[in-house]
Amino acid sequence: MDKQKKYLLSEKEIPTQWYNIQADMPNPMLPPLHPGTKQPVGPDDLAPLFPMELIKQEVSKDRWIDIPEEVRNVYKEWRSTPMVRAYGLEKLLDTPAKIYYKYEGVSPAGSHKPNTAVAQAYYNMKEGVKKITTETGAGQWGSALAYACQKFGIDLEVFMVKISYNQKPYRKLLMNTWGAQVFSSPTDLTDSGKKILAEDPNSPGSLGIAISEAVERAAKDPAAKYSLGSVLNHVLLHQSVIGLEALKQMEMAGDFPDIVIAPLGGGSNFAGLSFPFVHEKIKNGKNIRCMAVEPASCPKLTKGEFRYDFGDTVGLTPLIPMFTLGHTFVPAPIHAGGLRYHGASALVSQLLKDNLVEALAVQQLECFDAGVKFAKAEGILPAPEATHGIAAVIREANKAKEEGKSKTILFNLCGHGHFDMSSYQDYFDGKLQDHHFTDEELHSGLNNLNTPKI
Ligand SMILES: *Cc1c(COP(=O)(O)O)cnc(C)c1O
């Protein structure tokens, strides 16, 4: 029988609106608090950092928000992204489960991140912003935003975590190619960077430090705004285009997932794929499990506390109600850079607390093993972040085999790993290790946290 492998939408069928889960949550998320007054932050507090349209989206309770024509036109460069039936992986695993993946690696930057980068650059341009600052870890976000900023004629400064800046020269060059300026963080351009360097001149940097630098830089420059690639509500909103497409593609396939799986760093690609399915669950009572997969070395969802914490290391951002390991927590140097963040989005955190989504932590060796299996079976070499989802998919497919039951699994192949070959090299050379997260590590970030408890 001729079996269909790949499902694509026509340009007309690309969503015209984003889905906002804030309209449907049984318990709304708690308000972010001002770091000084500890009162809920208002639009005026955020105005120095973000354009007003994004601030409105951050607090909106409207279920559907129109995607501007200009943004949708840029989406057409690579969207719809394919939804693919992973026959090769099913065969390799000899499983009765049906496995589908949504492939976001076809975007110009090679991940899901341009879905929000393009929208954010557009709203900044509309409000006359000339310069944006941001941070990047492994370089995925910086390159997505560099691509988006050059589309809309905005200058971009990227604070790139020093260890990645040194290890991933090609990501930096990609950003430079699209016109962005890239600094190795911590820098001596900001007070936050100087403070860290004074404590440790050899600091390898961290995402939290780079965020402090980028926020400070934008706050001090009236012509500049700041942009964040994950965690915030408007970012998750823009990423919903992934799941909305997948709903239509599942219909084309005449199928529906029993379980939706995605890796989680801050929560944006997980939310992007899963929230439209959580909507089906809330609205139509569909029985779907949605699983976020995190690294065992940075287990905020499975071991962290649900409480208020800063988004950055220095403590400049609003306090966010989220599952966190503490803003001073420094994760072990695993190879999935995009997942090494101390907290999780407030929306995902609230849904986890309310049992509408679930979480799993996986060790790095199991992930790379899953990534290599996937590359052999399906051809695409996954980003190290994406291999976390694949490891969970393999566990679920093996369970289906043991139980002798079929089930339908959908996962987010949120990026390719072409810029991460050195991590695969380390894996092949036997240099990678699992990391057993200790109570000491857990207490290192949480014990001296004096942010409000929930
Ligand atoms: C940034 C990134 C992640 C982690 O961020 P989320 O906001 O949790 O999606 C995961 N995978 C890839 C490929 C990334 O670039």
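Everything numeric here is computed off the predicted structure, so don't read it as measured data. Counting starts at 1 for both ligands and their atoms, in listed order.
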Considering residues at least two apart in sequence or located in another chain, which fulfil the side chain to side chain contact (heavy atoms under 4.5 Å, CB included) criterion with Asp369?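 Listed in chain order: Lys373, Tyr427.
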Looking only at protein heavy atoms, identify the closest one to [atom] and say how far it is in Å.
| atom | answer |
| --- | --- |
| atom 8 (O) of ligand 1 | Gly265 N, 2.7 Å |
| atom 4 (C) of ligand 1 | Gly338 O, 3.3 Å |
| atom 14 (C) of ligand 1 | Lys113 NZ, 2.8 Å |
| atom 7 (O) of ligand 1 | Ser230 OG, 2.5 Å |

With atoms numbered from 1 as shown, which atoms in ligand 1 lie under 4.0 angstrom from a non-hydrogen atom of [X]?
| X | value |
| --- | --- |
| Gln140 | 13 (C), 15 (O) |
| Leu264 | 8 (O) |
| Ser268 | 6 (P), 7 (O), 8 (O), 9 (O) |

Does a salt bridge link [X] with [Y], judged by any charged N lying under 4.0 Å from a carboxylate O?
| X | Y | answer |
| --- | --- | --- |
| Glu13 | Lys248 | no |
| Lys131 | Glu157 | yes |
| Asp24 | Lys283 | no |
| Arg85 | Asp255 | no |

How would you list, by chain and number, every residue that makes a side chain to side chain donor-acceptor pair (under 3.5 Å) with His234, sequence neighbours excluded?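 Only Glu58 meet the side chain to side chain donor-acceptor pair (under 3.5 Å) criterion with His234.
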Flag for His327-Asp309: side-chain donor and acceptor within less than 3.5 Å: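 There is such a pair between these side chains.
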Under a 3.5 Å cutoff, is there a donor and acceptor pairing between the side chains of Arg217 and Thr190?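 Judged by distance alone, the side chains do not pair up.
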Less than 3.5 Å between some nitrogen or oxygen of [X] and one of ligand 1, yes or no?
| X | answer |
| --- | --- |
| Gly267 | yes |
| Gly266 | yes |
| Glu385 | no |
| Gly415 | no |

Taking the non-hydrogen atoms of His112, is any one of them nearer than 4.0 angstrom to ligand 1?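 The answer is yes: ligand 1 sits under 4.0 Å from a heavy atom of His112.
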Please verify whether a non-hydrogen atom of Ala386 lies at under 4.0 Å from ligand 1.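 In this structure, Ala386 fails to qualify as a contact of ligand 1 - no heavy atom is under 4.0 Å.
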Any chance the rings of Phe152 and Tyr147 have centres within less than 6.0 Å?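 Not close enough - the centres of the two rings lie 6.0 Å or further apart.
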